[in-house]
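Please read the structure below before turning to the comments.
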Protein chains: 2
Amino acid sequence: MRKTVLIFGALVLALLILFQLSKYSVLTGNTAIETVIAIIAIVFFVVGVLINKKVLHKQQNSNQEIDHKKIKDLGLSKREYEVLCEIAFGLSNKEIANKLFVSESTIKTHVSNVLVKLDAKRRTQAIQIAKNLQIIPQ
Amino acid sequence: MRKTVLIFGALVLALLILFQLSKYSVLTGNTAIETVIAIIAIVFFVVGVLINKKVLHKQQNSNQEIDHKKIKDLGLSKREYEVLCEIAFGLSNKEIANKLFVSESTIKTHVSNVLVKLDAKRRTQAIQIAKNLQIIPQ
DNA sequence: ATACAATTCATACTTTAGTATGAGTACTAA
DNA sequence: TTAGTACTCATACTAAAGTATGAATTGTAT
């Protein structure tokens with residue numbers, strides 16, 4: 001956050017300096033008015049593009065990042081979350097069991113717990129809910 | 001596409017006019033150099049922001065748009081695709097049947113066909129595959 | 001008119017998913 | 001040390017999902 005303020009301040013300062021430089025170079029007759037306007041136009045165009053890109057980039061991030069806090073708030077254990085991710089990947093209980101080297105009945109227990117904690121009736125609904133809560137990747 | 005070209009052309013024209021106007025207003029002494037520079041800066045800043053927003057918006061769209069051609073290529077019928085969407089929404093066969101006003105056995109038939117056409121073993125896997133193929137909303 | 005695809009439905013069946021209950025182990029914090 | 005939590009597993013059960021087959025209806029294109 002401090003970094004953003006510093007960069008923004010430096011940017012404004014640079015622009016002000018550019019502003020003054022261009023004014024004096026015109027008044028002293030060293031530079032044509034067209035050149036100054038062109039430079040100003042290009043500089044501010046680039047600044048506009050960059051600032052906008054940064055803002056939109058943050059918006060995209062907020063849509064993709066996983067909300068680890070929410071996972072804890074839901075009371076999902078580490079293992080339950082693992083199982084949830086494998087469910088979303090489309091695996092069956094038996095396949096998840098093989099992948100995590102435990103028995104199928106263990107997976108069934110985890111799945112049941114996940115469904116309760118996500119307030120879902122089925123694993124497909126759990127996938128939807130988990131995505132809406134942004135606790136699994138889209 | 002033609003629309004874009006027209007708008008872009010009009011924009012360039014407007015900027016050129018602004019450019020000329022500002023140059024003459026300074027040379028005839030009607031306007032202070034600071035005012036002109038400020039206006040140019042603001043205008044090009046806004047143009048930069050808007051153009052960037054449009055470009056990024058199209059990129060986002062390409063990640064979100066549904067590939068209707070692929071749906072046809074897979075041989076998915078209208079009804080089968082409807083059922084697929086409801087599956088992805090997390091509904092059970094019975095719930096889908098009630099929503100679409102048909103029997104559960106009809107839904108089972110559709111689901112089976114969807115699984116074959118998507119080469120999926122389970123409905124959860126079908127959701128994953130459909131998302132990767134971009135035939136259902138993320 | 002007929003062949004074809006899409007939709008609908010049923011029955012019977014197998015497989016997978018999900019629930020309920022109880023229990024053993026291991027690790028951690030009070 | 002004990003209470004709590006997470007993880008594991010089993011058994012027995014119910015519910016849902018998925019398969020296979022056959023069949024009737026409807027609209028559409030040749």
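Just so we're clear, the structure is a prediction, and the values are computed from it rather than from any experiment. Here is the naming used below: chain letters follow the sequence lines, and residue numbers restart at 1 for every chain.
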Whole angstroms only, please: what is the [atom1]-[atom2] distance between [X] and [N]?
{"X": "A/Glu104", "N": "C/dG18", "atom1": "CD", "atom2": "C1'", "answer": "11 Å"}
{"X": "B/Lys117", "N": "C/dA5", "atom1": "NZ", "atom2": "P", "answer": "11 Å"}
{"X": "B/Ile96", "N": "C/dT7", "atom1": "CD1", "atom2": "C1'", "answer": "16 Å"}
{"X": "B/Lys78", "N": "D/dT26", "atom1": "NZ", "atom2": "C1'", "answer": "14 Å"}
{"X": "A/Glu80", "N": "D/dT5", "atom1": "CD", "atom2": "P", "answer": "13 Å"}
{"X": "B/Lys94", "N": "C/dA17", "atom1": "NZ", "atom2": "C1'", "answer": "15 Å"}
{"X": "A/Tyr81", "N": "D/dT5", "atom1": "OH", "atom2": "C1'", "answer": "21 Å"}
{"X": "B/Leu91", "N": "D/dA15", "atom1": "CG", "atom2": "P", "answer": "20 Å"}

Please tabulate, one pair per line, each protein N/O and nucleotide N/O from nucleotides 28-30 of chain D that are separated by under 3.5 Å, including the distance.
none

Closest-nucleotide mapping onto DNA chain C: is A/Ser92 or B/Leu100 further toward the 5' terminus? I mean the 5' end.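 Residue closer to the 5' terminus by nearest nucleotide: B/Leu100.
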Between the axis at one end of the helix from C/dA1-D/dT30 to C/dA30-D/dT1 and the axis at the other (five pairs apiece), what's the angle to 10 degrees?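 What I find for the helix from C/dA1-D/dT30 to C/dA30-D/dT1 is an axis angle of 40°.
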Side chain to side chain contact (heavy atoms under 4.5 Å, CB included) partners of A/Gln128, counting only residues at least two apart: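 Partners of A/Gln128 by the side chain to side chain contact (heavy atoms under 4.5 Å, CB included) criterion, ordered by chain and then number, come out as A/Asn132, B/Phe89.
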Donor/acceptor link under 3.5 angstrom from A/Ser105 side chain onto base of D/dA10: yes
Pairing residues for [X] by the side-chain hydrogen bond (donor to acceptor under 3.5 Å, both in side chains) criterion, not counting sequence neighbours:
{"X": "B/Ser103", "answer": "B/Ser105, B/Thr106"}
{"X": "B/Lys70", "answer": "none"}
{"X": "B/Asp73", "answer": "B/Lys69"}
{"X": "A/Glu86", "answer": "A/Lys99"}

Would you say B/Tyr81's side chain and B/Val114's backbone share a donor-acceptor pair under 3.5 angstrom? no
Test your reading of the model: is there a side-chain donor-acceptor pair from B/Asp119 to the backbone of B/Leu115, 3.5 Å cut-off? no
Heavy-atom distance under 4.5 Å between the side chains of [X] and [Y], does that happen here?
{"X": "A/Arg122", "Y": "B/Ser92", "value": "yes"}
{"X": "A/Leu74", "Y": "A/Leu133", "value": "yes"}
{"X": "B/Ile87", "Y": "B/Asn93", "value": "no"}
{"X": "A/Val83", "Y": "A/Leu100", "value": "yes"}
{"X": "A/Ile135", "Y": "A/Leu76", "value": "yes"}

Tell me, please, which residues at least two apart from A/Lys117 pass salt bridge (charged side-chain N to carboxylate O under 4.0 Å, His left out).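 Expected list: A/Glu80.
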Sequence-distant partners of B/Glu104, salt bridge (charged side-chain N to carboxylate O under 4.0 Å, His left out), two or more places apart: none
Inter-residue atom distance [X].[atom1] - [Y].[atom2], 0.5 Å rounding:
{"X": "B/Leu84", "Y": "B/Ile127", "atom1": "CG", "atom2": "CD1", "answer": "8.0 Å"}
{"X": "A/Leu118", "Y": "A/Arg123", "atom1": "CG", "atom2": "CZ", "answer": "12.5 Å"}
{"X": "A/Ile129", "Y": "A/Lys121", "atom1": "CD1", "atom2": "NZ", "answer": "10.0 Å"}

What are the residues of residues 67-77 of chain B, sorted by number, that bring a heavy atom to within less than 4.0 Å of DNA chain C?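 Within residues 67-77 of chain B, the residues near DNA chain C are B/Ser77.
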Name the pairs: protein N/O against N/O of nucleotides 25-30 of chain C, kept only if under 3.5 Å.
none

What nitrogen or oxygen pairs link the protein and nucleotides 18-24 of chain D at under 3.5 Å?
residue, atom, partner, partner atom, Å
D/dG18, OP1, B/Arg123, N, 2.8
D/dG18, OP2, B/Arg123, NE, 2.7
D/dG18, OP2, B/Arg123, NH2, 3.3
D/dG18, N7, B/Lys108, NZ, 3.4
D/dG18, O6, B/Lys108, NZ, 2.8
D/dT19, OP2, B/Ser112, OG, 2.7

When we call it a touch if two heavy atoms are under 4.0 Å apart, what does A/Ser103 touch: a base, just sugar-phosphate, or nothing?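 The answer is sugar-phosphate, as A/Ser103 gets under 4.0 Å only of primed atoms, P, OP1 or OP2.
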So does B/His110 get a side-chain nitrogen or oxygen closer than 4.0 Å to the phosphate oxygens (OP1/OP2) of C/dT8?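 B/His110 to C/dT8 OP1/OP2: side-chain N or O found under 4.0 Å.
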